[in-house]
There are 2 protein chains.
Amino acid sequence: MKQKEYLKDDTIGALNRHKILAAAEQEFALNGFAGTRVQQIADRAQLPKTNVLYYFKSKEGLYLALLEDILSLWNGQFDEATAEDDPATVLANYIRDKMEISRTRPDASKIFALEIINGAPNLSSFFKDQHASWMKDRVNVIQQWIDAGKLAVKDPYYLLFNIWATSQHYADFSAQITGLRGKPMGSEDYADATQNLVELILVGCGLKVPDVNNS
Amino acid sequence: MKQKEYLKDDTIGALNRHKILAAAEQEFALNGFAGTRVQQIADRAQLPKTNVLYYFKSKEGLYLALLEDILSLWNGQFDEATAEDDPATVLANYIRDKMEISRTRPDASKIFALEIINGAPNLSSFFKDQHASWMKDRVNVIQQWIDAGKLAVKDPYYLLFNIWATSQHYADFSAQITGLRGKPMGSEDYADATQNLVELILVGCGLKVPDVNNS
DNA sequence: CAAAAACCAGACCACTTGGTCAAGAGTGGG
DNA sequence: CCCACTCTTGACCAAGTGGTCTGGTTTTTG
């Protein structure tokens, strides 16, 4: 029984694991893996350092567990779209999804960014493979749109890169954005930025911007 | 006299300083500040560790010196543009500039990104002020274009953020891009990506894409 | 109600790492 | 040639850090 115990959500163990992961997400996002002290995570989680190491074998183990959680965010609606769907709607929703993640999970986004900048040393080849095959599928759908004359874009890869870059930018570079705007992005600002981005990308692809009210 | 000595470019000291900075740029980009060992920098520069500390007071001093070098890249042609200039040309050139920096100085771009993600703890308020006032000027010019009906964009800020995001993405996320494309970006790929991006942004702003051959 | 498992936490340690020191080796101008 | 200055380098150290150990307390379970 004990092995399954921690899968339940209401045990004290599951609760602490959750607290630790949440604390670790903030600390790793702010200081990177090497720059984060286990003690800092413990402090933030309001637990003694020893407890952190009790629930997770090591600092690296904790980081990897966290990373796995974070990677599960990298799936969204666009996953199921097919060539028959309307590109404008699909892309608009995908962009809105990505922006919503940036807004609600900025630390997760930052950790992912840090990981990639450092050459993705900890991304499992499982994730990489999965990610690559997801990409192939999506590129394929986009290419069909292009071939059908629905999309004025030359290369599907660049389109996706541009969407990722712009949407993640709001999370990853929030310090710069806040500094330059003079105030942090509120949720209305995010709504503006999202609408702006949707229009830029869609118009840039020769599409008409669909109504806002469809998810 | 000794104080000016290191400003000369051909002394042994200037040479070593240069080697150390170059080595540090690579190491810091790959491992972040906390994750980089002074010894690693020394090894890459092919000098004993003590020498690194001889030329730069401390690891932090070295990092700050490097950062200052890097920040000097954040100026470009767009700086001198006025509301009388043609927005399509100015923006296209600005995007090309940014992409060129991503291609030729990816490590510098990564270090800047790491710095921002971590909340920009080491950016001098001098740089921040300078950056903010640059921003105000540029936003002003863009706003004039908008007011004159030359540019179909609602907010100048978001336009600039989007340009930065997309162009820096190619440097900062090169590991992901390489993984997904199956091969690293060559200079022809960069040319393609640049042209693609210029078209996306300009068309997205309701502009016509000018000829490639003007810098 | 035991016994076993899960949880808690202070004391402690091996090791890494930035940085210092001191002693010497080049080097250039007067 | 000598003297001041720059440069080089091995030996060394104090502080910080991830992680263990041990002994205990609480919770679960048969």
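Within every chain, numbering begins at 1; the chains are lettered A, B, ... in the order of the sequence lines, protein sequences first and strands thereafter. Scope of the values below: all heavy atoms of this structure, side chains included, with no hydrogens, waters or symmetry mates.
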Item to check | Residue pair B:Tyr158 / A:Asn196, side-chain donor-acceptor N/O under 3.5 Å | outcome: no
Item to check | Pairing residues for B:Tyr190 by the ring pair (Phe, Tyr, Trp, His ring centres under 6.0 Å) criterion, not counting sequence neighbours | outcome: none
Item to check | Gap between atoms OH and C1', on B:Tyr63 and C:dG19 respectively (whole Å) | outcome: 20 Å
Item to check | Whole angstrom value for the distance that separates P of D:dC7 from CG of B:Leu15 | outcome: 11 Å
Next on the checklist: At a heavy-atom distance below 4.0 Å, what parts of residues 23-44 of chain B sit against DNA chain C?
Outcome noted: B:Thr36, B:Arg37, B:Val38
Checklist entry - Between residues 54-62 of chain A and DNA chain D, which residues have a heavy-atom gap below 4.0 Å? => result A:Ser58, A:Lys59
Checklist entry - Which residues pass the salt bridge (Lys or Arg N to Asp or Glu O under 4.0 Å) test with B:Glu100, sequence neighbours left out? => result B:Arg103
Item to check | All side-chain contact (heavy atoms from CB on, under 4.5 Å) counterparts of B:Asp107, not counting sequence neighbours | outcome: B:Glu25, B:Gln26, B:Ala29, B:Lys110
Item to check | Euclidean distance, atom CD of residue B:Gln46 to atom P of D:dC7 [Å, nearest integer] | outcome: 19 Å
Checklist entry - Would you say D:dT8 has OP1 or OP2 under 4.0 Å from some side-chain N or O of B:Asn16? => result yes
Checklist entry - How far apart are the C-alpha atoms of B:Asp172 and B:Ser109, what are their side-chain angles, what is the distance that settles it, and do they pass the side chain to side chain donor-acceptor pair (under 3.5 Å) test? => result CA-CA 7 Å; B:Asp172 302 342; B:Ser109 181; 2.9 Å; yes
Item to check | Listed partners of B:Glu115 passing salt bridge (Lys or Arg N to Asp or Glu O under 4.0 Å), at least two apart | outcome: none
Item to check | Separation of atom CG in B:Asn51 from atom C1' in D:dT8, rounded to whole Å | outcome: 5 Å
Checklist entry - Of all residues at least two apart in sequence or in a different chain, which pass the ring pair (Phe, Tyr, Trp, His ring centres under 6.0 Å) check with A:Tyr94? => result A:Phe78
Checklist entry - Got a sec, which pairs hit salt bridge (charged side-chain N to carboxylate O under 4.0 Å, His left out) with one end in residues 174-187 of chain B, sequence neighbours left out? => result B:Arg181-B:Asp189
Using the 3.5 Å cut-off, write out each protein N or O paired with an N or O of nucleotides 11-14 of chain D and the distance between them.
none

Checklist entry - Got a sec, which residues hit ring pair (Phe, Tyr, Trp, His ring centres under 6.0 Å) with A:Phe112, two or more places apart in sequence or on another chain? => result A:Trp74
Checklist entry - Tell me: CG of A:Leu53 to C1' of D:dT17, nearest whole Å? => result 11 Å
Next on the checklist: Going by the rule ring pair (Phe, Tyr, Trp, His ring centres under 6.0 Å), which residues pair with B:Trp134 if we only count those two or more places apart in sequence or in a different chain?
Outcome noted: none
Checklist entry - Excluding sequence neighbours, so at least two apart, what forms side-chain contact (heavy atoms from CB on, under 4.5 Å) with B:Thr82? => result B:Glu84, B:Asp85
